[in-house]
Novice: 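Mind having a look at this structure? Questions to follow.
Throughout, protein chains are lettered first and strands after them, A, B, ... in sequence-line order, and every chain is numbered starting at 1.
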There are 2 protein chains.
Amino acid sequence: MAKVLKTKDKILNAAERLFADQGFELTSLRQITGAADVNLASVNYHFGSKKALIQAVMERYHAQFMPELDERLKTLEEEGINSTEEVLSCFVGPLLSLQRINPLGTEIYLSLLGHAYSEIQGHLRRFTMQNFGHVVQRFFHCMQQANPHLSVATLFWRLHFTLGATVFAQVSGQALSEIAQADFGESATAEDIVGKLIPYLAAGIGAAEVSASARL
Amino acid sequence: MAKVLKTKDKILNAAERLFADQGFELTSLRQITGAADVNLASVNYHFGSKKALIQAVMERYHAQFMPELDERLKTLEEEGINSTEEVLSCFVGPLLSLQRINPLGTEIYLSLLGHAYSEIQGHLRRFTMQNFGHVVQRFFHCMQQANPHLSVATLFWRLHFTLGATVFAQVSGQALSEIAQADFGESATAEDIVGKLIPYLAAGIGAAEVSASARL
DNA sequence: GTTTAAATTAAACGCCTGTTTTAATCGGCG
DNA sequence: CGCCGATTAAAACAGGCGTTTAATTTAAAC
């Protein structure tokens, strides 16, 4: 059926791969059209601009991921929340289902997210929050239920530390995976990394609250 | 005394600020020389190339930070290691002493580290490891002593998650601090954030090892 | 004060960027 | 077939990049 891809899809597939590897700004349209084997001008013809292409690439993944995550969080809320791991585990399924878009979809999406945060892509953050801000809020609410012993402020900071660890792990995931491979022969797909990440994050989030005096 | 800065220092000061904010590749020499109010060609005159400038910027911070950290870790090793918090706390002093280079030195250094990892700066990693690899190894060794229940691979990954959370927390620390201030009246200096970070990181690093079966 | 090296400057180099323009080609329909 | 909108193609655009060159200015040594 879908043997011969349309130009638009060839561009999207090449772009997401390169964006994930190198970031948005460091990837040129000539790289993309070269890898996709299409004419340079076709990007502007089909998408209008590079910025619009970036949004189209993200949109395809967000549209798959966010509703699924929201669904799982909602179900969990109704069943009652008992642990942090439970909430974090809601991410696993939706992340893996991204492989329906691309066999490497999980890695690509997380890596794209990382670049979207670390690069100054204001339009992207605005776009994401406008469309999926309610999912972020639901996530925070779930975390509050899982950690009633934490103050809102502490939870706020810890969830941002969590985002940092996750994003960073994926952006530098490939490089780290190569080092790990060389050092002690341990491969690591995105799925592996997520699996390693969850216990770490859950323990960090749920750590006992400490007073300011407990320092060195 | 040091009222009028030499061109070389004006370049370094402007460059570290811009590199920390935007990353290395996305910062142009014209941005740097414009902010430093020096001639474009002076970068290549004083440093030779952009790559050499990047290394010079990192070198100034590494040279201040690494020996201090090494010293503290060494002392701790001799006294005996009992907890992960202990090891992490060795970073606090050296990080804060970076403010002697620049009032925002702590944030800048951690941000530079983040970009050095996420961008493909092979020459930087090589350079760092050649000069300060022994500090990294000492740190890893201390962590192994503090967490004898963890495998080498698990510890490797968790320490990188830790770096990610730390870097991200500092990079977006100011913006987050403003949000936190608005939401629940909580101020946060770089030192405060490090204080909030350590219990989180220590709990994450020390979390019980889990088998691959424990998934959703 | 003259000499000499170091430092600064302006200008240009070749290459790459995103975008636009203009022309050629394709595919379905009457 | 001939048409005609949709798509592809090649070329050029203006502007930014790191780097280099050559001329000028600065500043210290004699």
Side-chain angles (χ1 to χ4, degrees), chain A residues 1-59 112 115-116 118-124 127, chain B residues 1-59 112 115-116 118-124 127:
Chain A
M1 188 193 100
K3 276 228 178 119
V4 180
L5 292 178
K6 298 292 202 181
T7 296
K8 204 168 173 177
D9 288 316
K10 291 207 284 182
I11 293 173
L12 280 176
N13 290 338
E16 67 181 29
R17 182 74 264 174
L18 288 164
F19 283 155
D21 284 349
Q22 311 177 338
F24 302 109
E25 307 257 12
L26 293 179
T27 301
S28 73
L29 294 184
R30 281 169 180 83
Q31 276 186 282
I32 295 169
T33 54
D37 196 34
V38 300
N39 188 272
L40 168 62
S42 56
V43 170
N44 287 282
Y45 175 78
H46 284 286
F47 297 94
S49 67
K50 182 180 178 179
K51 192 190 280 189
L53 171 62
I54 293 173
Q55 288 187 3
V57 166
M58 292 304 296
E59 170 63 15
L112 290 174
H115 286 297
S118 57
E119 291 182 27
I120 308 165
Q121 295 285 345
H123 67 101
L124 256 185
F127 181 81
Chain B
M1 189 191 99
K3 277 232 176 107
V4 180
L5 291 179
K6 297 294 201 177
T7 296
K8 204 167 172 177
D9 287 317
K10 291 207 284 184
I11 293 172
L12 281 175
N13 291 337
E16 69 181 30
R17 183 73 266 172
L18 288 165
F19 284 154
D21 285 347
Q22 311 176 339
F24 302 108
E25 306 256 14
L26 293 180
T27 301
S28 74
L29 294 184
R30 283 168 179 82
Q31 275 185 284
I32 294 169
T33 55
D37 197 33
V38 301
N39 188 273
L40 167 62
S42 56
V43 170
N44 287 282
Y45 176 77
H46 284 286
F47 296 94
S49 68
K50 182 181 179 180
K51 191 190 282 188
L53 171 63
I54 294 173
Q55 288 187 3
V57 167
M58 293 305 295
E59 169 63 14
L112 290 174
H115 286 297
S118 57
E119 291 182 28
I120 308 167
Q121 295 285 344
H123 67 101
L124 254 186
F127 180 81

Novice: In whole angstrom, give the distance that lies between atom CD1 of A/I32 and atom P of C/dC16.
Specialist: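 Between P of C/dC16 and CD1 of A/I32: 17 Å.
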Novice: Set out, line by line, the N/O atom pairs under 3.5 Å between protein and nucleotides 23-27 of chain C.
Specialist:
none

Novice: To the nearest Å, how far apart are A/F47 CZ and D/dT8 P?
Specialist: 11 Å
Novice: Take atom CG of A/L53 and atom C1' of C/dT19, then tell me their distance rounded to the nearest Å.
Specialist: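 The distance from CG of A/L53 to C1' of C/dT19 comes to 14 Å, rounded to the nearest Å.
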Novice: Do any side-chain atoms of residues 28-35 of chain A form donor-acceptor pairs under 3.5 angstrom with protein atoms, and if so which ones, sequence neighbours left out?
Specialist:
residue	atom	partner	partner atom	Å
A/S28	OG	A/Q31	N	3.1
A/Q31	OE1	A/S28	N	3.2
A/Q31	NE2	A/Q22	OE1	3.2
A/T33	OG1	A/L29	O	2.9
A/T33	OG1	A/R30	O	3.4

Novice: Would one find a side-chain N or O of A/S28 under 4.0 angstrom from OP1 or OP2 of C/dC16?
Specialist: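 For A/S28, the contact criterion (side-chain N or O under 4.0 Å from OP1 or OP2 of C/dC16) is not met.
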Novice: If a pair satisfies salt bridge (charged side-chain N to carboxylate O under 4.0 Å, His left out) and one of its residues is in residues 7-19 of chain B, list it, with sequence neighbours excluded.
Specialist: B/E16-B/R60, B/R17-B/D21
Novice: Tell me whether the side-chain N/O atoms of B/H46 come closer than 4.0 Å to OP1 or OP2 in C/dA6.
Specialist: no
Novice: On the nucleotide C/dT8, are OP1 or OP2 found under 4.0 Å from the side-chain N or O atoms that B/T7 carries?
Specialist: yes
Novice: What one-letter contact string describes nucleotides 19-28 of chain D from 5' to 3', where B marks a base within less than 4.0 Å of any protein heavy atom, S marks contact via sugar-phosphate atoms alone, and - marks no contact?
Specialist: BB--------
Novice: Rounded to whole Å, how long is the line connecting atom CD1 of B/I11 with atom C1' of D/dG18?
Specialist: 14 Å
Novice: Please set out all donor-acceptor pairs under 3.5 angstrom arising from side-chain atoms of residues 38-48 of chain A, sequence neighbours excluded.
Specialist:
residue	atom	partner	partner atom	Å
A/N39	OD1	A/A41	N	2.9
A/S42	OG	A/N39	O	2.5

Novice: Need the bend value for the helix from C/dG1-D/dC30 to C/dG30-D/dC1: angle between end axes, 5 pairs each end, nearest 10°.
Specialist: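 Comparing the axis at each end, I get an angle of 10°.
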